[in-house]
Amino acid sequence: MPELQVESEAAASKKDLRHLEEILQKLWEKARLVSDSINRMRDENQSLKQRVSELEHVERKLISELQKSDLE
């Protein structure tokens with residue numbers, strides 16, 4: 001009888017270990033997805049900052065041209 005209990009506990013332990021591995025695998029996948037999202041957002045943010053900078057440059061140029069036009 002004690003041997004049966006030891007085998008049952010070993011089987012339960014393996015099942016728990018498999019369950020833990022599955023949970024960790026799911027967690028790892030979610031962490032990878034979050035990391036990918038963060039990297040995409042960083043790239044997009046950098047592109048948007050560059051675009052804002054370009055538009056600000058165009059704005060300054062247009063304001064300067066308007067001021068020159070007003071002086072004439």
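Considering only residues two or more places apart in sequence or on other chains, Asp43 meets the side-chain hydrogen bond (donor to acceptor under 3.5 Å, both in side chains) condition with none of them. For Gln46, there are no side-chain hydrogen bond (donor to acceptor under 3.5 Å, both in side chains) partners two or more places apart in sequence or in a different chain. Contacts of Arg40 classified as side-chain hydrogen bond (donor to acceptor under 3.5 Å, both in side chains), with partners at least two apart in sequence or in another chain: Ser37. Listed by chain and residue number, Glu44 satisfy the side-chain contact (heavy atoms from CB on, under 4.5 Å) test with Leu48 (two or more places apart in sequence, or in another chain). His19 is linked by a side-chain contact (heavy atoms from CB on, under 4.5 Å) to Glu22, Ile23, counting only residues two or more places apart in sequence or in another chain. For Asn39, the side-chain contact (heavy atoms from CB on, under 4.5 Å) test picks out Ser35, Arg42, with sequence neighbours left out.
Note on Glu54 versus Arg51: salt bridge recorded, some NZ/NE/NH1/NH2 to OD/OE distance being below 4.0 Å.
Its side chain within the 4.5 Å cluster rule, Leu62 clusters with Val58 among the Ile, Leu, Val, Met, Phe, Trp and Tyr residues. Residue Leu20 is found in a hydrophobic cluster whose other members, listed by chain and number, are Leu24; membership requires side-chain heavy atoms under 4.5 Å apart, directly or through intermediates. Val34 belongs to a hydrophobic cluster with Ile38, counting contacts under 4.5 Å between side-chain heavy atoms of Ile, Leu, Val, Met, Phe, Trp and Tyr, direct or through other members. By the 4.5 Å side-chain criterion applied to Ile, Leu, Val, Met, Phe, Trp and Tyr, Val52 is assigned to no cluster and stands alone.
Applying the side-chain hydrogen bond (donor to acceptor under 3.5 Å, both in side chains) definition to pairs two or more places apart or across chains, none involves residues 58-69. Within the structure, every pair that satisfies the salt bridge (charged side-chain N to carboxylate O under 4.0 Å, His left out) test and touches residues 25-36, not counting sequence neighbours, is listed here: Glu29-Arg32, Arg32-Asp36.
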